[in-house]
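Protein chains get the first letters and strands the later ones, always in sequence-line order, with residue 1 at the start of each.
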Amino acid sequence: MQEWIVPGGYATMKSKLIQGVGMTARTRINILLADGCPGGSAAIAGWVRTVRSGKGITFLALNDGSSLECIQVVADTGLENFTVVSRLGTGSAVRVTGMLQESPASGQRLELHATEITVIGSADQDYPLQKKRHSFEFLREIAHLRPRTNTFGAVFRTRSALAQAVHRFFAEKGFMYVHTPIITANDCEGAGELFRVTTLPLDNLPLTNGKVDFNADFFGQATGLTVSGQLEGELFALAFSDIYTFGPTFRAENSNTPRHAAEFWMIEPEMAFADLMADAALAEDFLRYLCSFALEECSNDMAFFDAHIEKGIIGRIRAVADSSFAMMDYSEAISRLEKAPVTFQYPVSWGLDLQTEHERYLTEQVVGGPVFIVNYPKAIKAFYMRQNDDARTVAAMDLLVPKVGEIIGGSQREERLDLLQQRMLETGINPEGLWWYLDSRRWGSCPHAGFGLGFERLVMYITGMENIRDVLPFPRTPRHAGF
RNA sequence: UCCCCAGUAGCUCAGUCGGUAGAGCGGGUGGCUGUUAACCACCAUGUCCGUGGUUCGAGUCCGCGCUGGGGAGCCA
């Protein structure tokens, strides 16, 4: 008999069969299923997914979140508390010690014959998760319990793995991680409505000449939650060369769509001494890295997505990981769309922004893979994007991918002070509040570029989930801040 | 915010022409020596989203409201 109890913490999980001490000593089920051998003893703890009882024998499917797979626990009348165990409800938390054996039945390689089962937390018949398919809409109403389901287990394991892959990618490339502020006084970053942050009494606001006196507020000025870390990120790029941000972002827009949330996570790299082409190259490396990472590190969960969420997603992600991305000028994209043998719902003409239907046509029909669209008309892009020599376009890029359209948007930034000031005036941005941003163009300015990627949209793209509310642990959307 | 669709048992849904409420799953009880979303038998499910109206009679038709979903806009 093999004894697997060895000391070790969470960090060494992959290399130790059992972690923790005393009551916490147990093997994670994914490790046990992958590395366990018949004949060894093992201790596990987890939540019961199903109970199947026969006369004198009961099977428990136990899951601890470490993988999609459950381990089959076999309980028989040799157990002191067999009657209790055979009547366990779905959702109960139990700790099991026993002996690993080869399973005589098909469906699993190993099973754990219990010598002791401790009921740690019982679950009665009111437990909302049943042994059946539930709609995602229903599961959103029980967001506190849905991580215990197959789909959400797979989604949030993949989300965690991807978040770590983001950091790993940038660390490998020598990018510095910057924590840009969550609370900001920039009310004109140009990217949507911001949530107000205040300690003023809302039922008795201090007024001066009929207007709210923000001098009396906590920060002595009007503040809100960040809608982007880009502007501060640029300042750090102009000191550390290559940086990225990865943090929460807030938009108070009343958007009710499967792709928008009021609180989401955004990744924004910024590179000094870099132009638009370097920016696109980084974006390509980045997306391909993340796709490969998901396929390799989350293969079980990806297989689940392919089987149950979106057929063929593994092939699609593999194709992106292996492809070389195309690049097309905005002007060429427009002429391709104008010549397209299909009718679009929205008009196509130089100067108009591309709609999702246009983006998908370009990436799916014209290119047949990921494509950067570059050099957009300046009138439809943000003030900080660098003006091209033609005086009518800016060095902006959108990365379009099949099925979703735009997934990454970025640009080379306007590093020339006079042109930046001119664009601020043209677009109605008040330079006063951004004096520090302008200062960065005054001393040691240099060409620099960056992009933004909404993390949830990445997770949606890679998992095939179609609603952003189902890739956020506890989504915040209009009228929803529960849990 | 605009447009469209939906709301019936714990869940997923059916409910015909307006005539007084159903199925599957889940749950309970019992049975079954090895099950795989176990199986077999029996049992119990209900503010038909709310509100007002039409009608002899409304789950069903009409108005208003609430909630959810999808599409659009905004965008990541």
Side-chain angles (χ1 to χ4, degrees), chain A residues 49-62 69-78 82 86-87 89-91 101-108 111 113 123-142 145 149-150 189-193 226-230 245-268 308 345-346 353-357 359 380-382 398-399 404-410 451-461 466-472 477-480:
Chain A
R49 286 287 178 84
T50 70
V51 181
R52 295 181 290 270
S53 281
K55 187 176 187 179
I57 191 162
T58 288
F59 301 92
L60 307 178
L62 208 66
E69 288 177 284
C70 295
I71 191 164
Q72 172 158 285
V73 172
V74 184
D76 59 30
T77 49
F82 175 73
S86 64
R87 299 173 61 85
T90 303
Q101 294 189 1
E102 248 173 86
S103 180
S106 62
Q108 59 280 314
E111 59 188 23
H113 280 245
D124 66 15
Q125 65 271 24
D126 293 334
Y127 184 61
L129 289 173
Q130 303 173 0
K131 291 186 285 187
K132 57 166 289 194
R133 242 195 88 78
H134 288 294
S135 68
F136 291 151
E137 289 83 0
F138 170 69
L139 291 171
R140 275 172 220 153
E141 295 170 7
I142 51 168
L145 297 171
T149 64
N150 285 337
E189 283 177 357
E193 291 295 309
T226 183
V227 295
S228 164
Q230 182 198 312
T245 71
F246 183 6
T249 310
F250 308 88
R251 303 276 168 92
E253 237 106 45
N254 189 15
S255 294
N256 294 286
T257 86
R259 293 174 299 283
H260 291 85
E263 177 182 304
F264 62 99
W265 286 63
M266 190 152 63
I267 301 149
E268 295 177 293
H308 299 289
Q345 195 185 342
Y346 288 87
D353 208 354
L354 301 178
Q355 300 292 327
T356 300
E357 59 172 353
E359 293 175 341
I380 57 172
K381 289 292 182 184
D398 281 354
L399 175 58
V404 299
E406 181 191 339
I407 191 163
I408 285 176
F451 63 80
L453 169 65
F455 184 57
E456 284 73 19
R457 291 191 179 173
L458 172 78
V459 178
M460 289 168 72
Y461 182 66
E466 291 185 335
N467 196 310
I468 199 168
R469 300 167 183 115
D470 296 329
V471 300
L472 279 154
T477 55
R479 298 184 305 283
H480 292 276

Q: Please classify the nucleic acid contact of A:Pro258 as base, sugar-phosphate, or nothing, using heavy-atom distances under 4.0 Å.
A: sugar-phosphate

Q: Is it true that A:Asp76 and A:Lys55 have a side-chain N and a carboxylate O under 4.0 angstrom from each other?
A: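 Not counted as a salt bridge, because no side-chain N and carboxylate O are separated by less than 4.0 Å.
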
Q: Does A:Ser255 get its side chain close enough to the base of B:rC75, under 3.5 Å, for a donor-acceptor pair?
A: no

Q: Does A:Tyr346 reach a base, just sugar-phosphate, or nothing at all? Heavy atoms under 4.0 Å.
A: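 If one applies the 4.0 Å heavy-atom cut-off, A:Tyr346 turns out to touch the sugar-phosphate alone, with no base involved.
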
Q: Could you work out the separation of B:rC4 and B:rU47 based on their P atoms and round it to a whole Å?
A: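 Per the computed distance, 31 Å lies between those P atoms.
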
Q: My understanding is that a pair needs two contacts under 3.5 Å, Watson-Crick or G-U wobble. By that rule, which nucleotide pairs with B:rG30?
A: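 Pairing partner: B:rC40.
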
Q: Using the closest heavy atom to pick a nucleotide of RNA chain B for each, name whichever of A:His480 or A:Ala261 lands nearer the 5' end.
A: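 Final value for this comparison: A:His480.
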
Q: For the side chain of A:Glu466 and the base of B:rG69, is some donor closer than 3.5 Å to an acceptor across the two?
A: no

Q: Quick check on side chain to side chain contact (heavy atoms under 4.5 Å, CB included): which of A:Thr249, A:Leu453, A:Val227, A:Thr226 does A:Met266 satisfy it with?
A: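 So the option named by the test is A:Thr249.
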
Q: Treating A:Arg251 as the side-chain partner and A:Glu263 as the backbone partner, does any N or O pair qualify as donor plus acceptor under 3.5 Å?
A: no

Q: Say whether, by atom type as modelled, one donor and one acceptor occur between the side chain of A:Glu253 and the main chain of A:Glu193 under 3.5 angstrom.
A: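 A pair under 3.5 Å: yes.
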
Q: Mind checking A:Phe59 for me? I need base, sugar-phosphate or nothing, with any heavy atom below 4.0 Å counting as a touch.
A: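 Base, at least one base atom sits under 4.0 Å.
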
Q: Say we look at B:rC43 and B:rC25: how far apart would their P atoms be, to the nearest angstrom?
A: 15 Å

Q: Tell me what A:Ile408 touches on the nucleic acid: a base, only sugar-phosphate, or nothing, going by heavy atoms under 4.0 Å.
A: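 No contact.
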
Q: Taking N or O atoms only and anything under 3.5 Å, show me the protein contacts with nucleotides 25-33 of chain B, one pair per line.
A:
unit_1: B:rG26; atom_1: O4'; unit_2: A:Gln130; atom_2: OE1; d: 3.4
unit_1: B:rU29; atom_1: OP1; unit_2: A:Arg87; atom_2: NH2; d: 2.7
unit_1: B:rC32; atom_1: OP1; unit_2: A:Lys55; atom_2: NZ; d: 3.3
unit_1: B:rU33; atom_1: O4'; unit_2: A:Lys55; atom_2: O; d: 3.1

Q: Can you check side chain to side chain donor-acceptor pair (under 3.5 Å) on A:Asn150 and A:Arg49, steps first, answer last?
A: CA-CA 10 Å; A:Asn150 285 337; A:Arg49 286 287 178 84; 2.8 Å; yes

Q: For the C1' atoms, the ones on B:rC48 and on B:rG15, what distance do you get once it is rounded to whole angstrom?
A: 11 Å

Q: Using atom C1' of each nucleotide, how far apart are B:rU8 and B:rG68 to the nearest Å?
A: 15 Å

Q: Look at the side chain of A:Gln108 and decide which nucleotide, out of B:rG70, B:rU12, B:rU35, has an atom nearest to it.
A: B:rU35

Q: Could you pull out the closest heavy-atom pair between A:Ala261 and A:Leu472, with the gap in Å?
A: CB-CD1, 3.7 Å

Q: Of the nucleotides B:rG73, B:rG34, B:rG69, which one has an atom closest to the side chain of A:Ala105?
A: B:rG34

Q: Only pairs with both distances under 3.5 Å count, Watson-Crick or wobble alike; so what is the partner of B:rU1 in this structure?
A: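 When the pairing criteria are applied, B:rA72 turns out to be the nucleotide that pairs with B:rU1.
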
Q: So, does the side chain of A:His260 form a donor-acceptor pair with the base of B:rC75 at under 3.5 Å?
A: yes

Q: Counting only N and O atoms by type, is there a donor-acceptor contact under 3.5 Å from the side chain of A:Ser255 to the main-chain atoms of A:Thr257?
A: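 No; judged by distance alone, with no hydrogens or angles, the pair does not exist.
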
Q: Among A:Arg140, A:Arg469, A:His260, which residue meets the side chain to side chain contact (heavy atoms under 4.5 Å, CB included) test with A:Thr477?
A: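 Passing option: A:Arg469.
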
Q: Return the value, rounded to whole Å, for the distance between atom CZ of A:Arg140 and atom C1' of B:rG70.
A: 11 Å

Q: Taking B:rC32 as the reference, what is the distance to B:rC42 when you measure between their C1' atoms (whole Å, please)?
A: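 15 Å, rounded to whole Å.
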
Q: Counting only side-chain nitrogens and oxygens, does A:Arg259 get under 4.0 Å of the OP1 or OP2 atom of B:rA72?
A: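 A:Arg259 to B:rA72 OP1/OP2: side-chain N or O found under 4.0 Å.
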
Q: Strictly by Watson-Crick or wobble contacts shorter than 3.5 Å, is anything paired with B:rG50, and which nucleotide is it?
A: B:rC64

Q: Report, as a single string ordered 5' to 3', how protein heavy atoms within less than 4.0 Å touch nucleotides 4-9 of chain B: B base, S sugar-phosphate only, - not at all.
A: ------

Q: Side chain to side chain donor-acceptor pair (under 3.5 Å) for A:Ser86 and A:Ser53? Distances and angles first, verdict last.
A: CA-CA 6 Å; A:Ser86 64; A:Ser53 281; 4.7 Å; no

Q: Please check if the side chain of A:Glu456 supplies one atom and the backbone of A:Trp265 the other of a donor-acceptor pair under 3.5 Å.
A: yes

Q: Is there a Watson-Crick or G-U wobble partner for B:rU12 with both distances under 3.5 Å, and if so, which one is it?
A: B:rA23

Q: Assign A:Thr257 to base, sugar-phosphate, or nothing according to its heavy-atom contacts below 4.0 angstrom with the strands shown.
A: base

Q: Look at all strands and tell whether A:Glu357 reaches a base, only sugar-phosphate, or nothing, counting heavy atoms closer than 4.0 Å.
A: nothing

Q: Name the residue closer to the 5' end of RNA chain B, choosing between A:Asn254 and A:Thr50 according to the nucleotide with the nearest heavy atom.
A: A:Asn254

Q: At under 4.0 Å between heavy atoms, what does A:Asn467 touch on the DNA or RNA strands: base, sugar-phosphate, or nothing?
A: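 Here A:Asn467 touches the backbone only, sparing every base.
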
Q: Looking at the side chain of A:His134, which of B:rU12, B:rC11, B:rG70 is the nearest nucleotide?
A: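 In terms of side-chain proximity for A:His134, the closest of B:rU12, B:rC11, B:rG70 is B:rC11.
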
Q: Looking at every strand, decide which applies to A:Glu406 at a 4.0 Å heavy-atom threshold: base, sugar-phosphate, or nothing.
A: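 Answer is nothing: A:Glu406 stays at 4.0 Å or more from every strand.
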
